[in-house]
Amino acid sequence: MSLRELARVVQTSEVTVRRDVRALEAEGLLDRRHGGAVLPGGFTRESGFPQKSHLATAEKTAIADLAASLVEEGEAIVVGAGTTTQELARRLARVPGLTVVTNSLLVAQALAHANRVEVVMTGGTLRGSNYALVGSGAEQSLQGLRVSRAFLSGSGLTAERGLSTSNMLSASVDRALVQAAAEVVVLADHTKLGTDTMFQTVPTDVITRLVTDEPPAQDDRAATELQALADQGVQIAVAGAGGSGGDTAPAGRQSPRRDVPLPGPRRGAVPGKGPQLRSAAAVLGDQTQSERARVADLRRR
């Protein structure tokens, strides 16, 4: 659970909750995470869908709004499993001519009645805890596939290891999804920043863009992780959630965001090749702030 949600449930301040969480961790009753806490054994334990669906809901909504604004008409993309990608899928139903390849039953269900969107399901074995198809069948069905972008989520994200998850089968399918895409967009709320779990899915140097929410002012570790990710060439887009970074945009409008542009060409990138992502700075004509100044401003806030 996030500290914000804990404070709301017990009707006290986040400062008090943070102090109590430290005491509980000292007794071995939970593990602290950036912006929240989990049951012990976080490297191997994975929460089920019912638990995940109630975490950081406002942040996931804002992230999904912003991520959907990156998708163009007629594009072919892959969307991985997760509660944040499910939110994204609900918004993709309005994009005409879209083709979505997914191993998630929840993503497919969200797009089931979108008459202008074609949904392609992988094969595989159903993993009931997150309603995803995994295993060799899922991986083999992705061989030979090529799409413009992959939208993925996970259990944790660090600059050192990239995106990771607690389940080996899920990690293997996510790696196959990445292999099929020209660009990789990671959707991760601030509670996942700095969290490292057991199985790496997407190395940092493969991530094109991170779409996240505005971390709380006191969450220095999340801001530090964003800086480290930007230093390694990840383009960062920060979406508003609640009052922290702007209100979620209505349907058909882009959500408020702040982009940290790529500091230079990615390794192996060919200029002028592949899909191009326009930064918010270019759209607004505000190109005076450097990448480091933007992240420094985020840290001060």
Side-chain angles (χ1 to χ4, degrees), residues 1-64 82-84 87 129-130 153-167 170-171 186-201 210-229 236 238-245 248 295-301:
M1 295 186 69
S2 68
L3 293 179
R4 183 182 306 171
E5 180 66 12
L6 285 169
R8 185 190 67 79
V9 170
V10 301
Q11 298 182 348
T12 188
S13 68
E14 289 188 34
V15 174
T16 300
V17 168
R18 183 174 289 104
R19 182 192 63 212
D20 294 343
V21 163
R22 289 195 189 101
L24 291 169
E25 182 182 47
E27 296 178 20
L29 298 176
L30 53 76
D31 290 339
R32 279 193 297 157
R33 292 289 181 265
H34 305 313
V38 299
L39 291 175
F43 269 97
T44 57
R45 180 182 176 86
E46 183 181 23
S47 299
F49 173 78
Q51 291 78 26
K52 289 181 179 180
S53 62
H54 295 295
L55 292 175
T57 53
E59 289 86 347
K60 291 174 182 177
T61 297
I63 290 169
T83 54
T84 309
E87 288 295 325
S129 61
N130 65 346
S153 187
S155 302
L157 177 65
T158 66
E160 181 180 0
R161 291 186 71 218
L163 191 66
S164 62
T165 185
S166 302
N167 182 266
S170 295
V186 170
L187 313 182
D189 64 77
H190 72 271
T191 64
K192 297 178 181 179
L193 297 177
T195 298
D196 196 8
T197 53
M198 195 168 183
F199 299 98
Q200 183 192 56
T201 56
L210 165 65
V211 183
T212 187
D213 64 291
E214 187 105 22
Q218 68 275 14
D219 195 348
D220 293 334
R221 296 182 69 178
T224 300
E225 205 68 49
L226 286 176
Q227 176 68 71
L229 287 163
I236 299 170
V238 180
S244 60
T248 301
V295 178
D297 174 64
L298 173 61
R299 182 177 297 175
R300 287 193 298 271
R301 294 182 58 166

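Note that these values count all heavy atoms, side chains included, but never hydrogens, waters or copies made by symmetry. Just so you know, these numbers come straight off a predicted model, no measurement behind them.
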Trace of the side-chain contact (heavy atoms from CB on, under 4.5 Å) decision for Asp189 with Lys60: CA-CA 7 Å; Asp189 64 77; Lys60 291 174 182 177; 4.2 Å; yes

Candidate pair Ser2 and Glu59, rule side-chain contact (heavy atoms from CB on, under 4.5 Å), full reasoning: CA-CA 11 Å; Ser2 68; Glu59 289 86 347; over 6 Å; no

Could you give the distance from [atom1] ([X]) to [atom2] ([Y]), rounded to the nearest 0.5 Å?
X      : Y      : atom1 : atom2 : result
Glu87  : Thr61  : CD    : OG1   : 4.5 Å
Gln227 : Glu225 : CD    : CD    : 11.0 Å
Ser164 : Met198 : OG    : CE    : 11.5 Å
Glu5   : Glu14  : CD    : CD    : 10.5 Å
Thr158 : Leu229 : OG1   : CG    : 7.5 Å

Nearest heavy-atom pair of [X] and [Y]: which atoms, and what distance?
X      : Y      : result
Ala228 : Ala159 : CB-CB, 3.5 Å
Val10  : Val17  : CG2-CG2, 4.1 Å
Asp196 : Arg161 : OD1-NH1, 2.6 Å
Leu163 : Ser153 : CD2-O, 3.3 Å
Lys192 : Gly154 : NZ-O, 2.9 Å
Ala171 : Phe199 : CB-CB, 3.6 Å

Can you confirm whether [X] sits close enough to [Y] that some side-chain heavy atom of one is under 4.5 Å from a side-chain heavy atom of the other?
X      : Y      : result
Asn130 : Asn167 : no
Pro215 : Leu226 : yes
Leu157 : Thr195 : no

Pair Val211-Thr84, side-chain contact (heavy atoms from CB on, under 4.5 Å): steps then yes or no: CA-CA 11 Å; Val211 183; Thr84 309; over 6 Å; no

Backbone N/O of Thr165 and side chain of Thr197: donor-acceptor pair under 3.5 Å: yes

